[in-house]
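Chain letters run A, B, ... following the sequence lines, proteins first, then strands; residues in each count from 1.
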2 protein chains.
Amino acid sequence: MTVPEINSWQSVKAEVMRRIVERTWLPGDLVPNEVDLAEEFGVARATVNRAMRDLADAGLLERRRKAGTRVALNPTRKATLEIPITRLEVEQRGAIWRHAILERKETVTPVVVASRLGLPTNTPMLHVRSLHYANNHPFLYEDRWINISAVKGICDVSFQSIDANEWLVQNATFTRGDISFSAANTTKQEAELLEAGVGAAIFVIDRTTWNGDIPVTAVRLAYAPGYRMHTEI
Amino acid sequence: MTVPEINSWQSVKAEVMRRIVERTWLPGDLVPNEVDLAEEFGVARATVNRAMRDLADAGLLERRRKAGTRVALNPTRKATLEIPITRLEVEQRGAIWRHAILERKETVTPVVVASRLGLPTNTPMLHVRSLHYANNHPFLYEDRWINISAVKGICDVSFQSIDANEWLVQNATFTRGDISFSAANTTKQEAELLEAGVGAAIFVIDRTTWNGDIPVTAVRLAYAPGYRMHTEI
DNA sequence: TAGTGGTCTAGACCACTGT
DNA sequence: CAGTGGTCTAGACCACTAC
């Protein structure tokens, strides 16, 4: 027998995947329950469970109590994106990172930001605009609003030597966030800052984060033209 | 006692998260090992393990054998993106989906596609270009190359009533894929197809998938202006 | 109401890696 | 070498839900 032995949850996962890929189990099919699979593979049910849960998380299986486990009809594959700190992202590309503060002002929430964060319009906020460079070329334009009362000590930070994202990540943990990705044409201002043509297509990330129910920060990240976000599934 | 009882991996996770958020454990700190936490919380070690593994997956903890578990210094939060089937994505927005095939041709691999897939340039491929509509407005322009020998029966499918992505998803499972997201200015052709201005910023997804080591398909998805991809973390 | 997945436990052994 | 996380087991009870 040259058949790989099944004795770990990873090998169970591989075998189940093989059956899906080779169409032994077709999309929509009900697959055997955990007890039967455990017996067939000669492992404990917990081991089968770990493998099946993993595959369900990946979107290849759909599981429901009592109804059992089915091969996903529309395997909505899930891709995991890492949201890195800009400095590290730049450095990982072998470039030298630096950043410059364009503006840093304590003010109250403008309407558009207030509604996005669910805050009253007179909430005191810190508004920081900055530009990140890779090897002295503009890399990212960051426009950030920070809820002062949610982040202790924020007013004493100059952000000259550390960027807002990195400081916040280390000093203001958040529990949940909202991210959207889109494409936009540069405005005149953005074009100048990013040293790009007016109207050039740029990749934009809008992110809002909360700590429990308290809004922490809302930020718009506009990447210089040519930026790609990459992942594997 | 108004303290929430700790008796499940979710409650362990919540308590550990609370300590991170409230800065009882600071970024970079070594946290107690699983045995100690299990004793403190009055649960089994497997339960603690499940919670800690979950937090490590989410990027809040860094774990290494022997070295122990630390609060992540740079919590690279991971966002999970669902890559849906276009028809479902359109229908979920309450719009009516339809699609049109612009071109469908069996040919050999052009150099640029061959190198991306790692195939010789004379490999027989199916080239499909199509346009997806939401409520009769252009929604997505899809330019796809399919490795004929990797997908049995592909040549008999007309893609008139079902789109290529959906057919492939159900008939040609893949084991891994490569996705990148970027922004681009429309070309003249794309602008006409998507009924947008020339140079409008569009959101682009490039995806390549393999089944084991065999390349299956490479596709470029160009979304009409205004498209946003959204997720939560 | 019964079948299925979800989870917990207590104990064990293993794999990796810092010292 | 020894400490830590990674995983497996056997058994148990629970939660959800299709029927």
Below 3.5 Å is the cut-off: list the nitrogen or oxygen pairs between protein and nucleotides 17-19 of chain D, distance only.
from	atom 1	to	atom 2	distance (Å)
D:dA18	OP1	A:R64	NH2	3.0

Checklist line | Partners meeting salt bridge (charged side-chain N to carboxylate O under 4.0 Å, His left out) with B:R93 (sequence neighbours left out) | finding: B:E89
Checklist line | Degree of bending in the helix from C:dT1-D:dA18 to C:dG18-D:dC1 once both end axes are built from five pairs, to 10° | finding: 20°
Notebook entry, point to check: Which residue pairs pass the salt bridge (Lys or Arg N to Asp or Glu O under 4.0 Å) test when at least one of the two sits in residues 41-53 of chain B, sequence neighbours left out?
Noted result: B:E34-B:R45
Margin query: Within residues 24-40 of chain A, which residues have any heavy atom lying less than 4.0 Å from an atom of DNA chain D?
Written below: none
Check: By salt bridge (charged side-chain N to carboxylate O under 4.0 Å, His left out), which residues pair with A:E166, not counting sequence neighbours?
Finding: A:R87
Item checked: Stretch residues 44-54 of chain A: residues that reach within less than 4.0 Å of DNA chain C through a heavy atom -> A:R45, A:N49
Next item on the list: For B:R176, enumerate each residue passing the salt bridge (charged side-chain N to carboxylate O under 4.0 Å, His left out) test, keeping only those at least two apart in sequence or located in another chain.
Entry: none
Next item on the list: Please identify each residue that fulfils side-chain hydrogen bond (donor to acceptor under 3.5 Å, both in side chains) with B:E40, with sequence neighbours left out.
Entry: B:R19
Next item on the list: Just jot down the salt bridge (charged side-chain N to carboxylate O under 4.0 Å, His left out) partners of B:R70, sequence neighbours excluded, or say none.
Entry: none
Notebook entry, point to check: Mind checking what makes ring pair (Phe, Tyr, Trp, His ring centres under 6.0 Å) contact with A:W97, not counting sequence neighbours?
Noted result: A:H99, A:H132
Margin query: Test: salt bridge (Lys or Arg N to Asp or Glu O under 4.0 Å). Region: residues 137-157 of chain A. Which pairs qualify, not counting sequence neighbours?
Written below: A:E142-A:R144
